[in-house]
Amino acid sequence: MSQEFQMEKTFQPQEKEQQIYQEWERSGAFTAQRVEGKKPYTIVMPPPNITGQLHMGHAVDVTIQDILIRFHRMLGDPTLWLPGTDHASIATENRIVEQMRKEGLTKEGIGREAFLERAWEWKEKYGGQITQQLRRMGASCDWSRERFTMDAGCSRAVSEVFVKLFEQGLIYRGERIINWCPVCRTALSDIEVEYEEQHAHLWYIRYPAEDGGEGVVVATTRPETMLGDTGVAVNPEDKRYLHLIGKKLMLPLAGRVLPVVADAYVDPEFGTGAVKMTPAHDPNDFEISKRHNLAILRVMNDDGTMNEAAGADYQGLSAMDCRKLVLQRLKEQGYLVNTQDYTHSVGSCSRCHTTVEPLISEQWFLEMAPLAKPAIEAVREGQITFYPDRFAKTYFNWMENIRDWCISRQLWWGHRIPAWYCQTCEKVIVAREAPDTCPDCGSIRLHQDEDVLDTWFSSALWPFSTLGWPDQTEDLQYFYPTSTLATGYDIIFFWVARMIFSGIAHMGQVPFDTVLIHGIVRDEQGRKMSKSLGNGVDPLELIETYGADALRFSLVLGVAPGADMRVSSERSEAARNFANKVWNASRFVLMNLDGVPGAIEPKLLRTPEKWILSRLNQAIRQVTNHLKGNDLGLAAQTIYDFAWNEFCDWFIELSKGDLFDGTPERKAQARAVLYQVLSAVLRLLHPFMPFLTEMIYKQLPGHEQDSCMLSPWPLENEAYSFKDEEQQMEGVMDMIRAIRVVRQELKVQPGHRARVLLKPKPGWAERLTTAEPYFQRLAGAASLQILPPDAQVAEKTVSAVGLIGEALMPLGELVDIEKEIARLEKEAQTLEAEISRSRGKLANEGFVKKAPPALVEAEKEKIAQNEGMLETVTHRLRELRQ
RNA sequence: GGGAUUAUAGCUCAGUUGGCUAGAGCGCCACGUUGACAUCGUGGAGGUCGUUGGUUCGAGCCCAAUUAAUCCCACCA
């Protein structure tokens, strides 16, 4: 062991991780370089909101992207991972309002300008916090290119797009029924509304005829809206109501006169077959009313209270209070004819969970159909691939039924809509820069629209706005379109779909070729993590306890693409244990090296060395292919298995003989192989566990000045493909396992060393001439003696039967004949069952004729092996029974 | 109402174009301080891959039906 050797006995991630990250960042290695003629690998990071803390969703996002980025960096691709943050208009504004409320302040009280100042202060404070936390995860992104959705460049892109779409007629302003959140006091888009089933009532109310006749009974879930009714609709085919069509009804409480109209939309089977029309507060009523020219009467204020039009008795009441009063009055006056329990879904604001009110309002909309069409085609034609591909269906399903997007928000924090209204001539001016005068009348009395844009309007431009668009920057030309977009399935609609149509519309090219979708993180009980449940697991805490590498590894190992995952401390613990295993294997190798090992001499290699090198080749191939195929879980599993089961459990143990007691020549080869395999393992593992691997890599003799992150990805080496040695090792390992089983079943003390007399199958004797140390080290053998096939052993022995022959161990008084017979009988049974299974397969003509020849051969081989073992076992049994 | 997903060891989950004598981690049982690691080692028990049909030489994997659970979308008052 060298003097300066210094590795702790267990892996202690906490101390070193941040230091390593700082070194990486300082070195400039994250900064992307454009290399002409070389295809770059680019990811734009889904920008986390500046509202707060890193959560598990970010942790998954970041881990997946960082794995891909580090992999491609090591492959030698020019690699850009562009980070940034999102202003998160409504989420941030709510948080600031909340903060102000605690100080006794209101938005309106301090005014727009002061509010925006506070918002920018917030951004400075918390925007930096989350990017620091991304660093804790090990995210190797290019901070020199960090962007913010509201920085000058991104804002310019937003204006540019808005103006362009307006000029194309795709952005328009209009009065429509929108989803209104009375608490956030803003319009919402359809996907910002979450629906859930609620137990409610269906109230049946009589609307008498104008002349005092019976009229009709209507059913409603929202009786308070009757104050805004302007008609009643029935189905034109409905015989019950034919006589009323065109007649007038009297609206109870309000006393207004309502026309009865006929519209095919009305389902005669539902309720009473007569529907009250509240065009200002229901999207269907709005549509029907437009067809029949019914009046539109809005009875609710922006804060969810009833307005003047609702009537003096109701003005100022909340919708709920109004409902109670309306029902009471209807009851008193005899109009309420029935009340039914009823379950229906009610929409709530995805931000504050207040019930949204559909109401008519003048807003800005983006017409979707013309944008959606090419975006659907692009995915259909394969310009973009979804992984797993089923999410393409989700995408199609949404895009094919898409409705216009309400893009204006009655908020202050965000991109202010670049529209100005002339207060003299009422012209609407949409422009990139604030105009001085009205182009029509020359007036200088211009007023900018008060609203801001939906946060996702700017996110939709992220893949190109961050690269400098609308300028044709070198970055934009080189890095666009980007490569992979990794995100959770919960934001396919919010973000992925919108980036796709925006990229096509403004860049003429799709924004990325691959969409890698992951699931959401759940708690140990499988529940969604949420603030209200308080079941969120803090990734930073896990980093503190287990290290960032363990957290990262636990988020990909054993996780199928697109599948939800549960976090549990067991998972992190398992990953931490693996990190420790790698640490200790490295520690062992480093302890036993003496400077930089010499080259591997293929001619001097022994079987286990050829075996591990050959197996390494396969591991490299599999990990590489899995990573290229976006199967991160399988890639992680492959490294895990190779490093732990093959390298640690077998190879390191097998190398000890040479390392401790070998000739100088043998020692040198053992060192060289250990060094080479360890180096490859570290590099294969680096994308998953960057800190650990970097720490160890720098300790490898000869690599003190190198970075694992920047070292080349391991390649398969044809010269190290040794099929025969792999087979040999399989045989040896099988024999060793067989001996271990026998020893444990007979309860042989581990310290009790037994002579092993091995009767090999034909062809194996000469391959086992140097195997003694392996049996000594791993099978508790005192010695290994190879017997001729016909040798008679006089001593009382137990027998372990393996693929390559029979191992006899004189265990003296330990041998319990009865036990031994029982054990062998069981073994014989297993073998017989297996042989008959194989026979059955081969007896099947179809199998022999149609299955691949290699498979048929393998089956025959199995029979031969199993028969050989069975023969040995039965022979042995005969001897014992004598 | 439409679409999708899941159902594999006690628990949590892998299983890439059908070839599996079905794996891992945790848990369980037994043994273990042999010069990297008890955050470890060795061995073991434990599954008719939800159910029923079908395609195929061959099905955990493909098809159909069925049961159960979950999720998303949808304007039925």
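Labels below follow one simple rule: chain letters A, B, ... track the order of the sequence lines, proteins then strands, and each chain is numbered from 1.
With B:rU42, B:rG2, B:rG32 as the candidates, the nucleotide lying closest to the side chain of A:Asn397 is B:rG2. When the nucleotides B:rG35, B:rU39, B:rC37 are ranked by their closest atom to the side chain of A:Arg777, B:rG35 comes out on top. Comparing B:rU39, B:rA36, B:rC26 against the side chain of A:Met591 picks out B:rA36 as the nearest.
Residue A:Glu573 places no side-chain atom within donor-acceptor reach of the base of B:rU39, judged by atom type and a 3.5 Å distance cut-off alone. Residue A:Lys581 places a side-chain atom within donor-acceptor reach of the base of B:rC37, judged by atom type and a 3.5 Å distance cut-off alone. Looking at A:Lys656, its side chain comes within 3.5 Å of the base of B:rA36 through a donor and an acceptor atom.
Side chain of A:Asn401 to backbone of A:Asn397: a donor-acceptor contact under 3.5 angstrom is found. For A:Asp549 (side chain) and A:Leu692 (main-chain N/O), a donor-acceptor pair under 3.5 Å exists by modelled atom type.
Checking the phosphate oxygens (OP1, OP2) of B:rA4, no side-chain nitrogen or oxygen of A:Arg390 falls inside 4.0 Å. Contact check, A:Trp644 against B:rG41: a side-chain N or O comes under 4.0 Å of OP1 or OP2. At the phosphate of B:rC40, neither OP1 nor OP2 sits under 4.0 Å from any side-chain N or O atom of A:Asn580.
Ring planes of A:Phe647 and A:Phe651: parallel class, angle under 30° (limits at 30 and 60°). Between A:Tyr640 and A:Phe578, the ring-plane angle classifies as tilted under the 30° and 60° cut-offs.
On the P atoms, B:rC49 is 16 Å away from B:rC11, given to the nearest whole Å. Nucleotides B:rU39 and B:rU52, compared at atom P, are 45 Å apart to the nearest Å. Taking the C1' atoms as reference points, B:rG15 lies 15 Å from B:rU6, given to the whole Å. Using P as the reference atom, B:rG2 and B:rC76 are 13 Å apart when rounded to the nearest Å. When the P atom is compared between B:rA22 and B:rG3, the two are found 37 Å apart, to the nearest whole Å.
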Each nucleotide in nucleotides 13-23 of chain B should get exactly one letter: B, S or -. Can you fill that in based on protein heavy atoms under 4.0 Å?
SSSB--B-B--
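Residues A:Gln14 and A:Gly547 share a closest heavy-atom pair of NE2-N, 4.3 Å. Shortest non-hydrogen contact noted between A:Asn580 and A:Lys9 is OD1-O, 4.3 Å. Here the closest non-hydrogen pair linking A:Ile177 and A:His281 is CD1-N, 3.9 Å.
Evaluation of the ring-ring contact (aromatic ring centres under 6.0 Å, His included) rule for A:Trp650 yields no partner, not counting sequence neighbours. Applying the salt bridge (Lys or Arg N to Asp or Glu O under 4.0 Å) criterion to A:Arg740, with sequence neighbours excluded, gives no partner residue.
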N/O to N/O distances under 3.5 Å, protein versus nucleotides 75-77 of chain B:
residue, atom, partner, partner atom, Å
B:rC75, O2', A:Asn284, ND2, 2.6
B:rC75, N1, A:Asn284, OD1, 3.1
B:rC75, O2, A:Tyr265, OH, 3.0
B:rC75, O2, A:Asn284, OD1, 2.3
B:rC75, O2, A:Asn284, ND2, 3.2
B:rC76, N3, A:Asp267, OD2, 3.2
B:rA77, OP2, A:Tyr342, OH, 2.6
B:rA77, O2', A:Ala219, O, 3.0
B:rA77, N6, A:Asp267, O, 2.5
B:rA77, N6, A:Phe270, O, 2.8
B:rA77, N1, A:Asp267, N, 3.3

Pick out the pairs of N or O atoms, protein on one side and nucleotides 44-50 of chain B on the other, that lie under 3.5 Å.
none

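Rounding to whole angstrom units, CD1 of residue A:Ile736 and C1' of B:rG43 are separated by 15 Å.
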Structure string for RNA chain B in dot-bracket form, Watson-Crick and G-U at under 3.5 Å, | interchain
(((((((..((((.....[...)))).(((((.......))))).....(((((..]....))))))))))))....
Run the numbers on A:Arg777 and A:Glu772 for salt bridge (charged side-chain N to carboxylate O under 4.0 Å, His left out), then give the verdict.
CA-CA 9 Å; A:Arg777 200 163 280 282; A:Glu772 184 173 43; over 6 Å; no
